[in-house]
2 protein chains.
Amino acid sequence: MQEKPNLHQVARLAGVSIASASRALTGQSASAETVRKVRSAAKQLGYVPDATARTLRLGGTRQVVFAVDDIGNPNYVAMLRAIEHELGHRGIRLSVSSTGREMKQTLDLVRSLNVGVADGLIISPIRVTPQLRRALEECVVPVVVIGSLDKEVAIDRVRVNSTKAVEMAVAHLVETGRRHIAFINGPLDTNPGAARQLGFETAASHHALSYSSGHMICADDFTAAAGLAAGNKLIKNLKGAGEPIDAIVAANDLIGVGAISACVGAGLQVPTDVAVTGIDDTEIAAVFNPPLTSVSLRAAKRGRQAAQLLLKRFEEPFRDPELLTVDPVLKVRASTLPPQPEGTY
Amino acid sequence: MQEKPNLHQVARLAGVSIASASRALTGQSASAETVRKVRSAAKQLGYVPDATARTLRLGGTRQVVFAVDDIGNPNYVAMLRAIEHELGHRGIRLSVSSTGREMKQTLDLVRSLNVGVADGLIISPIRVTPQLRRALEECVVPVVVIGSLDKEVAIDRVRVNSTKAVEMAVAHLVETGRRHIAFINGPLDTNPGAARQLGFETAASHHALSYSSGHMICADDFTAAAGLAAGNKLIKNLKGAGEPIDAIVAANDLIGVGAISACVGAGLQVPTDVAVTGIDDTEIAAVFNPPLTSVSLRAAKRGRQAAQLLLKRFEEPFRDPELLTVDPVLKVRASTLPPQPEGTY
DNA sequence: CTGGAAGTTGGAAACGTTTACAACAAGGCA
DNA sequence: TGCCTTGTTGTAAACGTTTCCAACTTCCAG
């Protein structure tokens with residue numbers, strides 16, 4: 001820890017005015033001699049310009065905030081990496097905020113942007129209240145939303161059809177011979193939860209699957225631990241009701257992983273007895289035991305696109321808001337191998 | 001997006017000087033009448049004080065940076081949560097930086113602190129070069145290191161004995177009847193990698209285990225994918241050499257998870273044929289299939305302590321640097337059940 | 001030799017806030 | 001009444017930077 005010198009001291013040491021010192025360092029018009037003197041003085045003192053003062057003068061911290069509910073979810077980590085990559089080489093720092101389930105924290109965060117902490121916000125909220133929507137609309141810096149917003153608002157947005165993702169998962173299970181499919185969702189009061197619920201019900205009726213309310217259960221959140229708990233409960237309930245299942249669709253990979261553990265704990269083989277699918281296609285899916293079939297929601301691509309939208313808006317603040325949509329893609333792995341390997345026919 | 005009003009406008013609307021306006025809002029001496037007028041004017045305009053200007057005047061952005069190599073590692077997420085919790089209710093924002101394996105990025109980050117972007121840094125580096133050590137020493141803001149630093153430097157630090165953690169893992173395996181133990185480490189040029197290597201070799205000789213160099217392999221990094229690749233290679237090598245193993249110690253949970261997948265892929269049952277242990281006791285350990293025995297390195301506790309050290313240093317900038325040590329604890333799960341259940345004796 | 005162009009320089013203002021200081025009013029006490 | 005205390009207010013300086021503007025030098029063409 002050392003005291004940091006300021007431009008006055010550099011200028012004094014170089015024997016020039018602070019205006020000249022500033023120009024010499026920022027590369028404005030200055031004589032070669034002045035530049036040399038100032039550079040040398042700056043180096044000698046270890047001078048670095050103060051970011052706060054510069055920000056105040058210039059307007060614009062070169063910082064963007066990325067806000068998610070749970071940074072522990074690998075899905076968001078994938079987004080984060082993509083955003084960081086996109087913004088990083090433009091000299092923009094990324095500040096990550098894991099807001100958790102407290103809506104107040106999220107609101108505080110958005111409001112804190114109004115005090116000039118950052119130049120922009122990329123947010124992927126799972127719960128959207130009217131307050132949050134208003135806060136986002138009224139934000140003094142550009143906002144890009146990854147996900148849903150219920151009502152149309154004039155904000156740049158990247159979305160993915162996760163309803164369709166669930167439908168794809170169900171279709172895949174049906175195609176590989178499963179008919180008794182259960183669904184472990186996340187909380188229904190979240191946007192992803194609601195969309196996926198719709199997807200399951202649509203697909204179930206489309207494929208004329210018979211299912212009862214006992215086939216659907218909601219985990220407390222989108223984590224593996226919650227998935228395990230919900231999976232245990234689901235299996236117990238269905239066993240009690242005498243309704244066997246041969247497949248589980250999980251609302252995301254973490255829940256899916258928890259569900260597999262629940263199956264194994266209950267003595268059910270995956271995929272022999274029960275097939276399991278996840279959603280998100282996170283890193284864990286490929287290395288789980290067995291590897292988890294999952295529907296990719298293209299987190300990295302969405303992150304990249306969100307960053308690009310934000311950059312575009314920096315350039316042209318008054319563009320019409322844009323809505324980008326990416327399509328889910330199915331990744332088949334061992335957790336949904338057919339009960340009798342197809343090769344045996 | 002709206003234009004943001006400043007204090008001048010509030011003062012003008014309230015019919016007072018900006019000094020009075022500032023005092024009224026910050027709660028200094030001001031008459032009830034003035035406070036009322038200013039408050040009302042501020043609310044009417046939607047005024048929020050500008051953080052940059054305030055920072056410039058007051059000194060001190062209320063922001064701290066947390067830097068890690070890979071935010072995708074749940075271990076760091078646990079630290080992050082603890083730090084955020086500790087700093088959050090003191091009104092300090094936490095900015096997360098995932099520096100990746102590029103040393104240059106880390107150096108840039110540390111240097112960027114010298115421009116006044118944040119008031120402090122908590123860093124958990126896995127590779128420490130002399131340059132990095134120097135940059136940390138010369139940093140103008142307080143730094144707390146979670147992890148090793150090779151040489152003693154005058155910086156607050158929280159450490160854990162991960163050498164001992166590996167020894168505990170090996171001891172546990174030996175106690176449960178394993179004798180042919182392999183080790184999948186992370187990169188040896190990292191501090192955790194080096195410490196764990198030492199731990200394995202110490203423990204192996206202490207328990208008089210016979211092992212060849214073929215029993216030790218290094219994954220490319222501390223991820224599950226690298227663990228899977230290394231696990232595959234390890235199994236193939238040992239099979240080629242005709243050296244069977246009955247246990248694998250992995251340098252962290254992600255590698256451990258990858259190792260289990262490798263075993264399963266090679267037709268080895270876990271824990272019946274091969275026991276596997278991880279390190280870190282991250283969330284994934286409890287929900288994996290089978291649940292992974294792991295040695296907790298108390299990530300949350302270390303994060304909390306690091307945050308507290310930083311806060312203490314804010315209070316007293318010239319305290320002597322402190323070194324806190326936490327002890328690892330073993331969490332036994334199904335991945336190391338003895339080959340013959342102990343109950344059968 | 002003079003006028004202007006081109007290039008360089010320093011003074012001072014600005015960004016938006018907080019606060020030291022002085023001025024002022026009101027009130028109490030001798 | 002005069003003096004001191006107490007409380008409130010406004011002016012102005014400060015934080016560290018960038019940049020407008022005017023002044024200065026140098027040089028060249030007329």
Side-chain angles (χ1 to χ4, degrees), chain A residues 2-39 41-42 45-63 91 112-119 140-141, chain B residues 2-39 41-42 45-63 91 112-119 140-141:
Chain A
Q2 316 180 343
E3 273 320 304
K4 51 181 301 191
N6 62 20
L7 197 50
H8 289 82
Q9 302 171 26
V10 173
R12 183 143 41 91
L13 180 60
V16 299
S17 73
I18 69 168
S20 296
S22 174
R23 277 186 298 252
L25 292 173
T26 54
Q28 310 285 339
S29 74
S31 71
E33 174 63 7
T34 304
V35 170
R36 194 193 53 72
K37 281 191 297 188
V38 173
R39 283 252 179 80
L45 292 173
Y47 169 79
V48 282
D50 181 81
T52 307
R54 184 176 239 165
T55 294
L56 181 59
R57 180 64 227 252
L58 262 33
T61 74
R62 303 183 58 75
Q63 174 159 315
S112 84
L113 291 176
N114 293 339
V115 310
V117 164
D119 298 344
V140 298
V141 299
Chain B
Q2 315 179 345
E3 273 319 306
K4 52 180 299 193
N6 64 17
L7 196 51
H8 288 82
Q9 302 171 26
V10 173
R12 184 143 40 91
L13 180 59
V16 298
S17 74
I18 70 167
S20 296
S22 174
R23 278 186 296 250
L25 292 172
T26 54
Q28 310 285 340
S29 75
S31 71
E33 173 63 6
T34 305
V35 170
R36 194 191 54 72
K37 281 190 299 187
V38 173
R39 285 252 178 82
L45 291 173
Y47 169 78
V48 281
D50 181 80
T52 307
R54 182 175 242 165
T55 294
L56 180 60
R57 178 64 227 253
L58 263 32
T61 73
R62 303 183 59 76
Q63 175 160 313
S112 83
L113 292 177
N114 292 339
V115 310
V117 163
D119 297 342
V140 299
V141 299

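Here is how names work: the chains are called A, B, and so on, in the same order as the sequence lines, proteins then strands, and each is numbered from 1.
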Enquirer: Just the rounded figure in Å: distance from P of C/dA25 to CD of B/E33.
Expert: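 These atoms are roughly 18 Å apart.
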Enquirer: Just how far, in rounded Å, is C1' of D/dT17 from CZ of A/R12?
Expert: 17 Å
Enquirer: Not counting sequence neighbours, which residues clear side-chain hydrogen bond (donor to acceptor under 3.5 Å, both in side chains) with B/T34? List them please.
Expert: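 Counting only residues at least two positions away or on another chain, B/T34 forms a side-chain hydrogen bond (donor to acceptor under 3.5 Å, both in side chains) with B/S31.
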Enquirer: At under 4.0 Å between heavy atoms, what does A/T34 touch on the DNA or RNA strands: base, sugar-phosphate, or nothing?
Expert: sugar-phosphate
Enquirer: For B/T26, which residues count as a side-chain hydrogen bond (donor to acceptor under 3.5 Å, both in side chains) partner, sequence neighbours excluded?
Expert: none
Enquirer: If you look at every strand shown and take non-hydrogen atoms under 4.0 Å, does A/T26 touch a base, only sugar-phosphate, or nothing?
Expert: sugar-phosphate
Enquirer: In B/S/- notation, 5' to 3', how is nucleotides 11-16 of chain D contacted by protein heavy atoms closer than 4.0 Å?
Expert: B-BBBB
Enquirer: Counting only side-chain N and O atoms of B/S22, is one of them less than 4.0 Å from OP1 or OP2 of C/dT19?
Expert: no
Enquirer: Output all residues satisfying side chain to side chain contact (heavy atoms under 4.5 Å, CB included) with A/L25, sequence neighbours left out; order by chain, then residue number.
Expert: A/L7, A/V38, A/A42, A/Y47
Enquirer: By side-chain hydrogen bond (donor to acceptor under 3.5 Å, both in side chains), which residues pair with A/S17, not counting sequence neighbours?
Expert: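 With neighbours one apart ignored, the set is A/S20.
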Enquirer: Donor-acceptor pair, distance only, cut-off 3.5 Å: does the side chain of A/K4 make one with the backbone of B/N114?
Expert: yes
Enquirer: Listed by chain and number, what are the side-chain hydrogen bond (donor to acceptor under 3.5 Å, both in side chains) partners of B/R36, not counting sequence neighbours?
Expert: B/E33
